[in-house]
Amino acid sequence: MSAAPLPLQSQDFPAWYGQVVRRADLAENSVVRGAMVIKPYGYAIWEAIQRELDARIKATGHENFYFPLLVPASVLAQEGELIEGFAPEVAMVTEAGGKKLDEPLAVRPTSEAAIWAAYDRWMESYRDLPLLYNQWANVVRWELRPRILLRTSEFLWQEGHTAHETEDEAVAEVLTILHEVYADVVENVLAIPVLRGRKSASERFPGAVDTYALEALMRDGKALQAATSHYLGQGFPRAFGVTFTGRDGRPQHPYATSWGATTRLVGGVVMVHGDDAGLRLPPAVAPYQVVIVPIVRDDDRAEVLAASAAVAAELRSAGIRVRLDDRDGHRPGFKFHEWELKGAPCRVEIGARDLAAGAVTVARRDTGTRTTVSLAALAGELERLLADIQRAMFAAALAGRVRRTARPETYDEMIAYLREAAGFARAAWCGDAACEARVKHESSATIRVLPLDERPAASDRCVCCGAAARSVAVWAQAY
RNA sequence: CGGGACGUGGCGCAGCCUGGUAGCGCACCUGCUUUGGGAGCAGGGGGUCGCGAGUUCGAAUCUCGCCGUCCCGACCA
């Protein structure tokens, strides 16, 4: 662990991000271009995200299954828009067992094709619907410009794939996932405030009728898509010839959805909460919510270590994730810095001085404050403190987003704001792709989302062309 | 694919201009002393200098080719 200070966020955010990811032991680049090794500490954060998402996916009525990594190229090509959208980034296996394959096998960039090719066999009548399934998987997309945790050529995710009898039901599914699964986890577990909305046509998933997404704002003013939920209509069922017998006895196509969230969320946690001292983890995803640092001298070593182990055991039985950092050979100051870099929400210092007073010293990572807490009250106090940190981190992130959200009056004002990646810009939009393209061309910012909870006023005019507004759009530079 | 930078122990770098067989900081190992905000001293281990060819008595250093990485754009969760 280097003692060199991190780059400052305000001076070089990309350098800060890269060093935090590496020095906090979240992940590192592998020998394969753009692919990452997720290290144990980073994987533990992903596991917490998985647990929380999985619980909600199941609570909303879904089951997990698993499809193969390899998809015949012809199957992948069966849905025109999908293959058109993904073709440039699909990796192909052309050789196996020492022989050239008759048909190349695509490494899935997403699994709609493979799954819809199978769903044909899984439904006969409306009585078989809905199909509410999800899988945890890895996918490969040969991105031109990878960025660790945010855009890697292989990443982990979950992808849900459902089939419904009616359009209303499918649309309701897409929104249930958006709100009850994704927004709930991202806001209440990761403490990242999100905008919920629809994507413009140009930002839609290939093959989707409508794409809904969560958009979060990072501390450098750029947006990150945190999760997506797609209403696919009947396109995939048609392309794969999937029909069921309806209530009227006639064959019909089901209505489809798909939705996903990825390891990118770990990068989002870093960029939303991290500060110049390193990572700050919300307690709900922190691998260790409390780190105990014993402070020993030769003459009190045994006593202090025994007391620390006892405290650790007590906190664990209270359901707190605890790490007792009893490593020899590192002094307390070193450990304080390291756990601040790694974002542990709470630190408990236990030394002879504390024990003599029947108390310990508790420091919180988000604010840096230190207090003395009696040993008798420690477990209860830490539970309260962890809950408070979780709330405070969300509130701080929300305040940051509000501060970085502009409502520009004029087009020029908006372009200037977007060019410097100052944050979200909310403005009325006519719905014309030409206006969207012009903003992108002049600022490189895109429409991140058309918020679900906002409608333009009757008098609102498009910020770009002045025509009557069809929706409110939120623009930003994005990762 | 376009623009820029860079490849030297695990990480960060110097050495290259002016060729002579590799060095610094951190990390690592051993020992002793330390331990309430990144410990000190002593000793030690680890590098075909990205790859290939060429020039030369001799190449990390000069020449040519290739490969790779990072940053900025287009693609994108």
Side-chain angles (χ1 to χ4, degrees), chain A residues 1-7 12-15 17-19 22-23 28-34 84-90 109-110 138-159 182 199 202-206 211 213-216 223-230 258-268 277-278 293-301 304-305 325-341 347-356 360-361 363 368 370 372 421 440-441 444 446 448 477-479:
Chain A
M1 194 66 53
S2 164
L6 290 168
D12 191 346
F13 197 86
Y17 173 77
Q19 288 207 24
R22 198 169 54 75
R23 284 167 59 172
E28 63 186 27
N29 287 315
S30 79
V31 292
V32 177
R33 193 198 76 99
E84 201 176 305
F86 280 105
E89 41 191 86
V90 172
T110 180
N138 57 340
V139 289
V140 168
R141 298 180 187 178
W142 218 251
E143 300 288 354
L144 295 175
R145 207 176 132 208
R147 203 164 156 64
I148 194 160
L149 284 172
L150 300 175
R151 196 185 309 104
T152 44
S153 40
E154 176 186 357
F155 58 88
L156 306 183
W157 74 349
Q158 58 67 219
E159 47 178 326
Y182 293 146
K199 288 286 186 181
S202 70
E203 298 279 324
R204 228 176 254 153
F205 177 78
T211 286
L214 302 181
E215 288 284 331
L224 184 76
Q225 181 170 300
T228 48
S229 186
H230 314 290
S258 71
W259 25 276
T262 79
T263 35
R264 155 182 278 195
L265 285 171
V266 179
V293 178
I295 293 150
V296 302
R297 289 192 312 263
D298 261 349
D299 57 346
D300 60 26
R301 171 181 304 269
V304 169
L305 288 179
D325 187 355
D326 56 1
R327 286 176 297 171
D328 233 2
H330 286 302
R331 303 165 102 204
F334 179 92
K335 295 178 183 178
F336 295 170
H337 281 275
E338 184 173 304
W339 288 110
E340 279 160 16
L341 173 65
R347 179 180 75 234
V348 172
E349 304 165 22
I350 304 180
R353 207 162 73 198
D354 300 286
L355 294 177
V360 296
T361 305
R370 295 169 83 193
T372 301
K440 182 171 183 179
H441 181 250
S444 88
T446 47
R448 300 319 306 156
Q477 307 260 10
Y479 275 100

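So that the names make sense, note that chain A is the first sequence line, chain B the second, and so on, each numbered from 1.
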Is the phosphate of B:C75 approached by A:Lys440 (side-chain N or O, under 4.0 Å from OP1 or OP2)?
yes

Determine yes or no for a side-chain-to-main-chain donor-acceptor pair under 3.5 angstrom, with A:Arg141 supplying the side chain and A:Glu89 the backbone.
no

Using a heavy-atom cut-off of 4.0 Å across all strands, would you classify A:Leu150 as base, sugar-phosphate, or nothing?
base

Measure the shortest side-chain to side-chain distance between A:Thr446 and A:Lys199 over non-hydrogen atoms and say whether it is less than 4.5 angstrom.
no

Establish whether the base of B:G36 is bridged to the side chain of A:Thr361 by a donor-acceptor pair shorter than 3.5 Å.
yes

Would you say the base of B:U35 and the side-chain of A:Arg301 have a donor-acceptor pair closer than 3.5 Å?
yes

To the nearest angstrom, the CZ-P distance between A:Arg347 and B:G37 comes to 10 Å

Taking the inter-plane angle between the rings of A:Trp157 and A:Phe155 on a 0 to 90° scale, is it parallel (under 30°), tilted (30 to 60°) or perpendicular (over 60°)?
perpendicular

Given pairs defined as Watson-Crick or G-U wobble with both distances under 3.5 Å, what dot-bracket annotation applies to RNA chain B, with ( ) intrastrand, [ ] crossing, | other strand and . unpaired?
((((((((.[[[[.)....(..]]]].((((((.....)))))).....[[[[[..)....]]]]])))))))....

Closest to the A:Arg22 side chain, choosing from B:C76, B:C11, B:U35:
B:C11

Applying a 4.0 Å non-hydrogen cut-off, can you work out what A:Thr228 is touching in the nucleic acid: base, sugar-phosphate, or nothing?
nothing

Mind checking the C1' distance from B:A27 to B:C70? Whole angstroms is fine.
23 Å

Mapping A:Gln477 and A:Ile350 to their closest nucleotides on RNA chain B, which lands nearer the 5' end?
A:Ile350

Which is true for A:Ala363 with a 4.0 Å heavy-atom rule: it touches a base, it touches only sugar-phosphate, or it touches nothing?
nothing

Taking the same atom, C1', in B:A60 and in B:U21, what whole-Å distance lies between them?
10 Å

Separation of the P atoms in B:C66 and B:C26, to the nearest angstrom
41 Å

Selection from B:G36, B:A39, B:A74 that lies nearest to any side-chain heavy atom of A:Ser444:
B:A74

Pick the C1' atom in B:C41 and in B:G46, then give their distance to the nearest Å.
22 Å

What nucleotide among B:G38, B:G36, B:C75 has an atom nearest to a side-chain atom of A:Asp354?
B:G36

Please figure out whether A:Glu89 or A:Asn29 has its closest RNA chain B nucleotide nearer the 5' end.
A:Asn29

Take atom C1' in B:G45 and the same atom in B:G4, then report the distance between them in whole Å.
39 Å

Using a 4.0 Å heavy-atom cut-off, does A:Arg327 contact any base of the nucleic acid, only the sugar-phosphate backbone, or nothing at all?
nothing

How close or far is atom C1' of B:U33 from atom CZ of A:Arg331, stated in whole angstroms?
11 Å

Determine whether a donor-acceptor pair (N or O, by modelled atom type, separation under 3.5 Å) exists between the side chain of A:Glu143 and the backbone of A:Thr152.
no

I'd like to know if A:Glu340 reaches the base of B:G38 with its side chain such that a donor and an acceptor end up less than 3.5 angstrom apart.
no

Considering every strand and a 4.0 Å limit on heavy-atom distances, what is the contact class for A:Thr152: base, sugar-phosphate, or nothing?
base

Atom CZ of A:Arg23 and atom C1' of B:C26: how far apart are they, to the nearest Å?
10 Å

A:Arg151 side-chain proximity, nearest of B:C76, B:C71, B:G38:
B:C76

Pick the P atom in B:U63 and in B:G20, then give their distance to the nearest Å.
15 Å

Looking at every strand, decide which applies to A:Gly351 at a 4.0 Å heavy-atom threshold: base, sugar-phosphate, or nothing.
base

Look up atom CD in A:Glu154 and atom OG1 in A:Thr263, then write down how far apart they are to the nearest 0.5 Å.
9.0 Å

CG-CG distance between A:Asp326 and A:Leu305, expressed to the nearest 0.5 angstrom:
6.5 Å

Please report the distance, rounded to the nearest Å, between CG in A:Leu224 and P in B:C76.
15 Å

Among the nucleotides B:C76, B:U35, B:A39, whichever has the atom closest to the side chain of A:Asp298 is B:U35

Could you tell me whether the side chain of A:Arg370 has a donor or acceptor atom within less than 3.5 Å of a complementary atom in the base of B:G36?
no

How many Å lie between CG on A:Asp299 and P on B:U34, as a whole number?
10 Å

Sidechain-backbone polar pair: A:Tyr182 side chain, A:Ala213 backbone, donor-acceptor under 3.5 Å:
no

Measure from the side chain of A:Arg141, starting at C-beta and using heavy atoms only, and say which of B:G38, B:C76, B:U35 lies closest.
B:C76

Heavy atoms under 4.0 Å, any strand shown: does A:Gln225 hit a base, just sugar-phosphate, or nothing?
sugar-phosphate

In whole Å, measure the gap between the P atoms of B:A22 and B:U18 for me.
23 Å

Which heavy atom in A:Asp354 sits nearest to a heavy atom in A:Glu349, and how many Å separate them?
OD2-O, 3.6 Å

Hey, mind stepping through A:Gln477 and A:Ser444 against side-chain hydrogen bond (donor to acceptor under 3.5 Å, both in side chains) and telling me if it holds?
CA-CA 7 Å; A:Gln477 307 260 10; A:Ser444 88; 2.7 Å; yes

Side chains of A:Gln225 and A:Tyr479 in contact at under 4.5 Å (non-hydrogen atoms)
no

